[in-house]
Structures are given as structure tokens and as C-alpha cells.
Amino acid sequence: MDLIVARGREDLVKARRTGTVALVPTMGALHEGHRSLIRQARVRADQVVVSIFVNPLQFAPNEDFSRYPRTFDADLEVCREEGVDVVFHPAAEDMYAADRQVSVSAGEMGRVVEGASRPGHFDGVLTIVLKLFNLVQPDLAVFGQKDAQQLALIRRMVADLDLPVEILGAPTVREPDGLALSSRNRYLSDGDRQVAVALSQALRAGAARLTPAEIRQTARAVLDEAGPGLDLDYLALVDPATFAEVSEDYEGLAVLAVAAKVGSTRLIDNVTLTLNPA
Ligand code: AMP
């Protein structure tokens, strides 16, 4: 079957076949991380829909919406190679009416950690994801652990709003030196690229320690060593269900998350670890 490019609901309805449908939402500029999500979807579903949409609602006015990479032709080629059935590529004006009023609130969990640095970001993310679910009507959807707070909030939305979609999380795909793949990595200069590896190094070093205090301290030291080329936004050790900072006696899974600007590019990364195992 040839790849179908859908622009709106009518195209999606026409393209729909019987069987299980999986959705992989993306903003395009597809890389190996996206490919791994698509492969996970392919294994689980009869029909795979990839959405490619740079969502203006999740960017603040001072952020990189206009600079965000748009490589649609190359993305289509990736989707063909991966056996994707439908690429949903709507126009922004078709997704958001000028007089729109209603949107999704991510609640308190949307205002901490990444949400504290990017006010309104997760409201924008959840609003587009809910719209995509309503348009595509998938049985399941795949999201990357790379955006751990986003994945947790999508699970929360599905639970809180009773959405009939199964959410699958996919592990973070990394460069051989540990840098998490990101569409934004293409903006790193050679010098930036060398500095950027400090994010994953800090997470790995932190995750090797045992207590929250040691974990935070160790990760922080690696980030400090990276020098002035790395402008730390936050380092957080949080409960994956709420993204609240964990206390020293916390037990169970935790997420160590970092965000930093390297040159003019903002990068995020995280690892999951277990604290005080019984
Ligand atoms: P984006 O196009 O950056 O909005 O990402 C689309 C989806 O791909 C999200 O669910 C991301 O979490 C996921 N993703 C991005 N980078 C990676 C990566 N390095 N490994 C795995 N998944 C990723």
C-alpha cells in the first residue's frame, strides 16, 4: 500500500481501515528516536498513523516555533521506509480556528519542572494530543520517555478524561556517546555538541549513586564541570507519577531530569532510577 498523506478529518476517515490503529504524534524532522516509536506502533497495530505538526500552541512567544526544523519531504521518506500507512499533516489554520475558546489544562503537574520553565507548554501539548486522538481515533498511541513529563501527563489525561486510547512509552534513543536524539540537535555547533554530552553524562553519574542528595549532588557536579557553554535550567529528581521533587526517604521509581541551554539550543533529557529498593 502506498503512503497516504491526510490533511484533515475527511482524508483520515477515507484512509481508515479495519483493525487496530496506532498513532505516533510528532513535530517532524524525524530521526532514529521517532523511527523506534514507529516500529513499536508497527508491531502492535494493523494501521500506523504518524502525525507531523509543529504545534504553535505549545511554544511561548519567546521560543523557537519559527526556527523549529521543518523537513517534510525527508520525513515522508522516513515514513515510507518504516511502512507507515498514513501521515497526518494538517495546516495550523485548520487545527486552530481564530475564535477558538476551549483547551485542556494540564493542572498542577503541568506547572512544575519543565512546566515551570515553559508556562502553558503542557496545556498546549495536551490540547493538540486530545485533538489528534479525536481526529485519528487510534486504539493506541506511542510516546517517547525522552519527554518524560509529557508522557506522564498524557497518561494522566487519558485516566482523568476516560480516553479510550492505550498509551505506550518508548525508551530514549541516544547517540553512541549518550546524547539523546532530538530534532533540535542539528542546531548544535561542533563546540556545542561536545558540551551537550554533559547532560546524559550527568544523568548517568547521578543514577549510579544511592540517595537523593548524592544523586542530585553528583549530577550537578558533572553539569558544573561542563563550564559556561552549558546554561543549566533545572536538575530535578521527581516522582514519575506527579513530577514533585522526592524526599530523602522516598522509595521506588524516580525520574532524574535535566534541561539546559547549550549555545542557543535548549535540550532536555532524563533517566529513570529506583530509590531505596527494599
Ligand atoms: P517531537 O517530534 O520531538 O515532538 O517528538 C515526537 C515523539 O518522539 C515524542 O513522543 C518524543 O518523546 C519522541 N522522541 C523524541 N526524541 C526521542 C528519542 N531520542 N528517543 C525516543 N523517543 C523520542
Side-chain angles (χ1 to χ4, degrees), residues 22-44 48-59 63-65 67-72 74-76 78-79 82 84 87-90 92 95 106 113-115 118 121-122 124-133 136 138 140-158 165-188 193 196-197 199-200 203-204 240 243 255 257-259 265-272:
L23 171 65
V24 181
T26 82
M27 297 205 298
L30 301 181
H31 52 64
E32 279 299 322
H34 298 112
R35 281 184 192 260
S36 83
L37 268 54
I38 294 169
R39 285 176 201 150
Q40 192 161 325
R42 187 73 279 168
V43 170
R44 283 289 311 274
V48 175
V49 180
V50 171
S51 61
I52 298 179
F53 182 62
V54 185
N55 175 32
L57 220 58
Q58 70 189 67
F59 290 81
E63 293 181 352
D64 60 348
F65 174 72
R67 184 175 102 123
Y68 197 85
R70 289 160 171 87
T71 60
F72 188 63
D75 293 346
L76 279 186
V78 169
C79 288
E82 296 298 336
V84 170
V87 167
F88 180 42
H89 185 53
M95 291 303 270
V113 194
E114 182 73 0
R118 304 186 67 187
H121 169 68
F122 287 119
V125 168
L126 294 189
T127 300
I128 190 63
V129 169
L130 181 59
K131 284 169 70 76
L132 290 170
F133 284 0
V136 175
L140 56 110
V142 190
F143 295 87
Q145 183 66 35
K146 159 80 168 32
D147 298 277
Q149 193 170 359
Q150 167 177 289
L151 173 58
L153 276 163
I154 287 163
R155 290 192 194 282
R156 221 24 291 159
M157 174 171 76
V158 165
V165 184
E166 183 188 350
I167 304 301
L168 302 181
T172 302
V173 177
R174 299 177 180 280
E175 298 284 2
D177 69 356
L179 177 70
L181 296 193
S182 162
S183 303
R184 292 184 170 101
N185 288 356
R186 71 190 63 208
Y187 293 128
L188 299 170
R193 176 64 186 79
V197 74
L199 272 76
S200 58
L203 296 178
R204 218 171 357 172
F243 271 70
V255 170
V258 64
T265 307
R266 187 170 182 281
L267 301 176
I268 61 170
D269 197 357
N270 71 89
V271 290
T272 299

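Since this is a predicted model, take the numbers as computed values, not measurements. All ligand and atom numbering here is 1-based and tracks the order in the structure.
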(request) Evaluate side chain to side chain contact (heavy atoms under 4.5 Å, CB included) for Arg184 paired with Tyr68, printing each intermediate quantity in order. (result) CA-CA 7 Å; Arg184 292 184 170 101; Tyr68 197 85; 3.8 Å; yes
(request) List the closest protein heavy-atom neighbour of atom 6 (C) of ligand 1: residue, atom name, distance to the nearest 0.1 Å. (result) Pro25 O, 3.3 Å
(message) Is Ala29 close enough to touch ligand 1? Criterion: a residue heavy atom under 4.0 Å from a ligand atom.
(response) no
(request) Report the nearest protein non-hydrogen atom to atom 23 (C) of ligand 1: residue, atom name, distance rounded to 0.1 Å. (result) Lys146 CB, 4.0 Å
(message) To check your reading of the model: name the closest protein heavy atom to atom 12 (O) of ligand 1, its residue, and the distance in Å.
(response) Asp147 OD2, 2.6 Å
(message) Give me the residue, atom name and distance of the protein heavy atom closest to atom 13 (C) of ligand 1.
(response) Leu37 CD2, 3.7 Å
(message) Quick test: of every protein heavy atom, which one is nearest to atom 20 (N) of ligand 1, and how far off is it to 0.1 Å?
(response) Val173 N, 2.8 Å
(message) For atom 5 (O) of ligand 1, what is the closest protein heavy atom, and at what distance to 0.1 Å?
(response) His34 NE2, 3.5 Å
(request) Report yes or no: does Glu32 have a heavy atom closer than 4.0 Å to ligand 1? (result) no
(message) Please identify which of these residues, Met157, Arg155, Gln149, meets the side-chain contact (heavy atoms from CB on, under 4.5 Å) condition with Leu153.
(response) Gln149
(request) State, with a plain yes or no, whether a side-chain heavy atom of Arg174 is found less than 4.5 Å away from one of Glu32. (result) no
(request) Could you label the plane-to-plane angle of the His89 and Phe72 rings as parallel, tilted or perpendicular, counting under 30° as parallel and over 60° as perpendicular? (result) parallel
(request) Please verify whether a non-hydrogen atom of Tyr68 lies at under 4.0 Å from ligand 1. (result) yes
(message) Starting from atom 10 (O) of ligand 1, what is the nearest protein heavy atom, named by residue and atom, and what distance separates them?
(response) Gly144 N, 2.8 Å
